[in-house]
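Residue numbers count from 1 along this sequence.
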Amino acid sequence: ETKNFYSKQESLTKINVSSSITNIGNGAFKYCPNLTEVTLPASVKQIGKSTFKGCNKLKKVTILSPITVICSKTFYCCPLLTEVTMTNSVISIENYAFCGCSSLTNINISNSLESIGDYSFSKCTLLNQITLPSSVKSIGIYAFLECSSLKSISIPDSVTSIKCGVFMKCTSLTEISLPSSLTSIEYDAFNSCSSLNNITIPSSVKVINNGAFCNCSLLSQINNNSTVDCINRNVFADCKSLKQILIPPSVTFLDELSFS
């Protein structure tokens with residue numbers, strides 16, 4: 001096991017981990033300012049938290065090992081990271097795992113992935129494409145916050161809730177497909193998605209919380225098939241282009257600031 005052993009090593013530029021290593025401990029290579037490339041062999045079964053945190057020049061990571069978890073802050077604030085390859089064994093990407101990887105344009109997600117943690121891809125400002133497999137059951141709060149280059153995404157049928165701020169400030173998002181399994185759209189879920197122009201809300205949705213579509217300035221049409229009983233505060237506030245919305249018969253309360 002390695003744990004903090006190589007952290008802050010200025011001489012490290014490339015790492016080929018020995019096949020005798022099975023466990024890389026927390027923070028093992030964090031803040032190595034000149035590290036550019038990492039290859040992890042099949043022998044590695046676990047990568048700890050914050051392992052490559054703050055490696056400012058890290059560009060490429062190849063994970064050949066059958067790890068199941070990308071731990072919290074593993075690649076936190078690696079601003080030059082452009083390429084990550086992982087095996088299909090990964091079932092969980094934890095909180096802040098890729099937060100602040102501002103050069104990451106796309107990532108090959110494991111076909112076995114079940115959960116995406118809070119803020120896991122937030123501020124990945126060049127991320128323009130990501131495919132979520134049908135195995136994904138949970139997407140954490142603010143998971144894609146300020147992914148300002150993300151243009152479209154399809155949410156799999158296994159997801160039941162779009163949590164707080166998941167796509168907040170995804171300013172290039174024009175298209176999103178919501179599954180028929182969805183039951184709730186939480187606070188600020190799509191707040192400030194300023195390029196989103198239409199959306200269909202499935203009939204399975206029973207809750208749309210405050211600010212869900214606030215500041216979606218190009219949103220012109222909402223196909224609202226939901227069965228909500230109230231339109232909450234600021235749900236559609238500052239949707240300046242909104243021309244048409246269907247208020248379903250299930251609605252019994254319309255907040256005074258719903259469309260303000």
Can you sort out the partners of Asp229 under side-chain contact (heavy atoms from CB on, under 4.5 Å), two or more places apart, ordered by chain and number? Thr252
Could you tell me whether a side-chain N or O of Thr105 sits under 3.5 Å from a main-chain N or O of Leu127, the two making a donor and an acceptor? no
Can you give the donor-acceptor pairs under 3.5 Å from side chains of residues 59-72 to other protein atoms, not counting sequence neighbours?
from, atom 1, to, atom 2, distance (Å)
Ser65, OG, Val44, O, 3.1

Would you mind reporting whether Asn225 and Pro202 have side-chain heavy atoms less than 4.5 Å apart? no
Can you measure from SG (Cys99) to NZ (Lys73) and round to the nearest 0.5 angstrom? 8.5 Å
Closer than 3.5 angstrom, by distance alone: can the side chain of Asn95 be matched with the main-chain N or O of Asp118 as a donor-acceptor pair? yes
What is the distance from atom OG of Ser203 to atom CG of Leu182, rounded to the nearest 0.5 Å? 10.5 Å
My understanding is that only residues two or more places apart in sequence, or in another chain, count here; which of them pass side chain to side chain donor-acceptor pair (under 3.5 Å) with Ser120? none
Closest approach of Ser226 to Val205 (non-hydrogen atoms, all atoms of both residues): CB-O, 3.3 Å
Derivation of the side-chain contact (heavy atoms from CB on, under 4.5 Å) call for Leu35 and Ile15: CA-CA 8 Å; Leu35 183 62; Ile15 298 172; 3.5 Å; yes
Show your working on side-chain contact (heavy atoms from CB on, under 4.5 Å) between Ile199 and Phe213 and close with a plain yes or no. CA-CA 10 Å; Ile199 193 165; Phe213 297 97; 3.6 Å; yes
Side chains of Ser149 and Asn128: any donor to acceptor distance under 3.5 Å? no
I'd like to know if the side chain of Gln129 pairs up with that of Asn106 as donor and acceptor (distance under 3.5 Å, no hydrogens or angles considered). no
Residues forming a side chain to side chain donor-acceptor pair (under 3.5 Å) with Thr87, sequence neighbours excluded: Ser89
Given the options Leu113, Leu40, Asn108, Ile107, Met86 meets side-chain contact (heavy atoms from CB on, under 4.5 Å) only with Ile107
Start with the C-alpha distance between Ser220 and Ser241, add both sets of side-chain angles, then the distance that settles side-chain hydrogen bond (donor to acceptor under 3.5 Å, both in side chains), and finish with yes or no. CA-CA 5 Å; Ser220 61; Ser241 300; over 6 Å; no
Residues sharing Tyr119's hydrophobic cluster, by side-chain heavy-atom contacts under 4.5 Å among ILVMFWY, directly or via others? Tyr76, Tyr96, Ile141, Tyr142, Leu145, Met168
Co-membership, hydrophobic cluster, residues Leu173 and Val159, 4.5 Å side-chain: yes
So, Ser50 side chain and Gly27 main chain: donor-acceptor pair closer than 3.5 Å or not? no
Side chains of Cys55 and Lys57: closer than 4.5 Å at any heavy-atom pair? no
Okay, side chain of Ser204, backbone of Ser180: is any donor-acceptor separation there less than 3.5 Å? yes
side-chain contact (heavy atoms from CB on, under 4.5 Å), paired with Leu104, selected from Thr82, Leu80, Val84: Val84
I'd like to know if the side chain of Ser43 reaches the main chain of Ile21, judged simply by a donor and an acceptor atom lying under 3.5 Å from each other, with no hydrogens or angles considered. yes
Has the side chain of Asn56 got a donor or acceptor atom that lies under 3.5 Å from a matching backbone atom of Pro33? no
Same apolar cluster (I L V M F W Y, side chains within < 4.5 Å links), Ile47/Ile91: no
Answer whether the closest heavy-atom distance between the side chains of Lys53 and Phe75 falls below 4.5 Å. no
Do Leu196 and Ile176 make a side-chain contact, defined as non-hydrogen atoms from C-beta onward lying under 4.5 Å apart? yes
Whether the side chain of Ser134 engages the backbone of Pro156 through a donor-acceptor N/O pair (distance < 3.5 Å, no angle test) should be reported. no
Please determine whether side-chain contact (heavy atoms from CB on, under 4.5 Å) holds for the pair Leu58 and Phe29, giving the CA-CA distance in whole Å, both sets of side-chain angles, and the decisive distance to 0.1 Å. CA-CA 11 Å; Leu58 184 62; Phe29 300 102; over 6 Å; no
Mark yes or no for whether Ser195, through its side chain, and Thr171, through its backbone, hold a donor-acceptor pair below 3.5 Å. yes
From CA spacing to verdict: side-chain contact (heavy atoms from CB on, under 4.5 Å), Phe190, Ile162: CA-CA 9 Å; Phe190 297 97; Ile162 305 295; 4.2 Å; yes
Hydrogens and angles aside, do Ser20 and Ser18 bring a side-chain donor and acceptor to less than 3.5 Å of each other? yes
Any side-chain heavy atom of Ile116 within less than 4.5 Å of one from Phe121? yes
Check for me, please, whether Leu218 and Val235 land in the same ILVMFWY cluster - side-chain distances under 4.5 Å, paths through other members count. no
Short side-chain to backbone donor-acceptor contact, Asn34 and Leu12, under 3.5 Å: no
Is it true that Ile153 and Ile93 fall in one hydrophobic cluster, defined by side-chain heavy atoms closer than 4.5 Å? yes
Report yes if the side chains of Val228 and Val251 come closer than 4.5 Å at any heavy-atom pair, otherwise no. yes
Checking the side chain of Thr183 only, and the main-chain atoms of Thr160 only, is there a donor and an acceptor separated by less than 3.5 Å? yes
Can you find a heavy atom in the side chain of Ile109 that is under 4.5 Å from one in the side chain of Pro133? yes
Distance-only side-chain donor-acceptor flag, Asn215 / Asn191, under 3.5 Å: yes
Using the rule that two of Ile, Leu, Val, Met, Phe, Trp, Tyr join whenever any of their side-chain heavy atoms come within less than 4.5 Å, decide whether Ile247 and Leu242 are in one cluster. yes
For Ser161, check side chain to side chain donor-acceptor pair (under 3.5 Å) against everything at least two apart and list the hits. Ser184
